[in-house]
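One-based numbering along the sequence shown. Each ligand, and each atom within it, is numbered from 1 in the order the structure gives. The shown structure was predicted, so the numbers you read here are calculated from the model rather than taken from an experiment.
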Amino acid sequence: MEKGGAELPQERAIVTEIPGPKSRELEARRSTAVAAGVASSLPAYIVAAGGGILKDVDGNQIIDLGSGIAVTTVGNANPRVVQRAQKQLAAFTHTCFMVNPYEAYVEVAEALNRLTPGSFEKRTVLLNSGAEAVENAVKIARAHTMRDAVVVFDHAYHGRTNLTMAMTSKAHPYKAGFGPFAGEVYRAPMSYPYRDNRAAGTKVSGEEAAVRAISMIEKQIGSENVAAIVIEPIQGEGGFIVPAEGFLPKLVEYARAAGIVFVADEVQSGFARTGRMFASEWEGIEPDLVATAKGIAGGLPLSAVTGRAEIMDSVGPGGLGGTYGGNPVAAAAALGTIESYEQDGLVGRAEQLGEIMVDRLTRLQSKHSEIGDLRGRGAMQAVELVSGDSHEPNPALAKAVAEHAAKNAVLVLVTGTYGNVLRFLPPLDISDELMADAFDVLEEAFAQALA
Ligand SMILES: *Cc1c(COP(=O)(O)O)cnc(C)c1O
């Protein structure tokens, strides 16, 4: 068996080209077996992973700055996760919670009720994916308010199902050709400090940006028709946009006064990632409902909606659920994951990793004017790349840097509405040495791309 987890030597290694011959052989097989619509950022086939290392089939050891898109935040093959999941796997794999319940489901619900922001009475439902969590949050908000409209934001990403495609902002590749979309979804302007301030020539405060969004809601929908406002406290696929301070609290205040359910989509920003257990904590907001997934179970498929008991319980028995939702192995993995966040000091580690990245990226930014903006919180950092003085989005540079990094065994993900954002999401058990090595490679990648 391949060594995984912490047993994997924590060093970058380039044995072949990346992707190497064995990966390319698998890619050829894949192209005749797997639907073309599923793309991979770096087609190096992985055989083992742990700490900050992804080991591929050719023996290359790649530094992981993606965590499978903010999923293996707790580390890949974290011992607490593996142990709990293995034990559960051997005991039983599935009963369907809607047929015969089991304790792990209840325990995960208790943990989420305790950990999510707000000290009020809460309830949780477990599901499989982030999109499913967001869909269920909308179902619950509609059942509670008996209203239809859902407000989402520019640059939002909420998933790939029909309702969440409607809620997602970006057409290519997420929506184009896949309509018609679910109705009663309305898009409000986001607070995007870097571009807001540039366009306005003056600073747009968080409050002003919120007033702009609220005015749109009032004029185009009417608050009495709105079931939910759904927002990522830090936008993920949109480009790690951190709204100006005051934006989120003002929206929460408005929602509360208007009887609108405020839903935080913390699918990407949740679970220690930002240096807080949830990104909502940075602004002290208490969402009515929180949708979670990605970092929840160390890579096993699990998601949840957690929120105010009186809102959650407005759906009657049988109205929520699903065959696999809260699968016992995934639930056991979540318990190991949450235990690790709490017992292994990972929230603090995320903040530390953030400091390391901000230090390196600030120095890099002082050398290259193409790094227009540096933003994020904790171990969720990004740079927005632009062209010279015009600040036009520069997706070509993002692509060139990511490609150079990949060739040199560093995985960096490109994102953003304009495809011009490099995002950094290291697993929290990565070493300082690997971080330093990865950012040396990135520095070289920028120097080469801009030479
Ligand atoms: C990834 C993501 C989703 C969708 O999650 P899936 O598990 O892919 O369905 C929803 N919201 C946000 C903010 C995400 O980052």
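Ion pairing between a basic and an acidic side chain is recognised when a charged N comes within 4.0 Å of a carboxylate O; R256 and D288 show such pairing. A salt bridge does not link D154 with K170: none of the charged nitrogens is closer than 4.0 Å to a carboxylate oxygen.
Within the 4.0 angstrom cut-off, atom 7 (O) of ligand 1 has one or more protein heavy-atom neighbours.
Remark: ligand 1 atoms within the under-4.0 Å shell around heavy atoms of G130 are 4 (C), 5 (O), 6 (P), 7 (O), 9 (O). Of all atoms in ligand 1, listed by their number and element, those nearer than 4.0 Å to a heavy atom of S129 are 7 (O), 9 (O). Taking every heavy atom of E232 and a limit of under 4.0 angstrom, the matching atoms of ligand 1 come to 13 (C). Here is the list of ligand 1 atoms found below 4.0 Å of a heavy atom in D265: 10 (C), 11 (N), 12 (C), 13 (C). Shown in contact with Q268 at under 4.0 Å from a heavy atom are these atoms of ligand 1, numbered in order with element: 15 (O). Atoms of ligand 1 found under 4.0 Å from any heavy atom of A131, numbered from 1 in the order shown, are 4 (C), 5 (O), 6 (P), 9 (O).
Under 4.0 Å from ligand 1, not a single heavy atom of Q235 appears.
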Distance-only criterion, 3.5 Å: show the donor-acceptor pairs between side-chain atoms of residues 371-386 and protein atoms not counting sequence neighbours.
from : atom 1 : to   : atom 2 : distance (Å)
D373 : OD2    : R375 : NH1    : 2.8
R375 : NE     : G239 : O      : 3.0
R375 : NE     : F240 : O      : 3.1
R375 : NH1    : E384 : OE1    : 2.8
R375 : NH2    : G239 : O      : 2.8
R375 : NH2    : E384 : OE1    : 3.0
Q381 : NE2    : G378 : O      : 3.1
E384 : OE1    : Y192 : OH     : 2.7
E384 : OE2    : Y192 : OH     : 3.3
E384 : OE2    : R195 : NE     : 3.0
E384 : OE2    : R195 : NH2    : 2.7
E384 : OE2    : N420 : ND2    : 3.3

Return a table of donor-acceptor pairs under 3.5 angstrom between the side chains of residues 41-48 and protein atoms on other chains or two or more places apart.
from : atom 1 : to  : atom 2 : distance (Å)
Y45  : OH     : E27 : OE2    : 2.6

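Other residues, nucleotides and ligands contribute only 12 or fewer heavy atoms inside 6.0 Å of the CD atom of E103.
Judged by a 6.0 Å distance limit and a 45° cone about the ring axis, K122 is positioned over the six-membered ring of F120. Under a cutoff of 6.0 Å and an axis angle of 45°, R360 and F439 do not form a cation-pi pair.
Considering each of K294, H158, M167, E132, the one bringing a non-hydrogen atom nearest atom 1 (C) of ligand 1 is K294.
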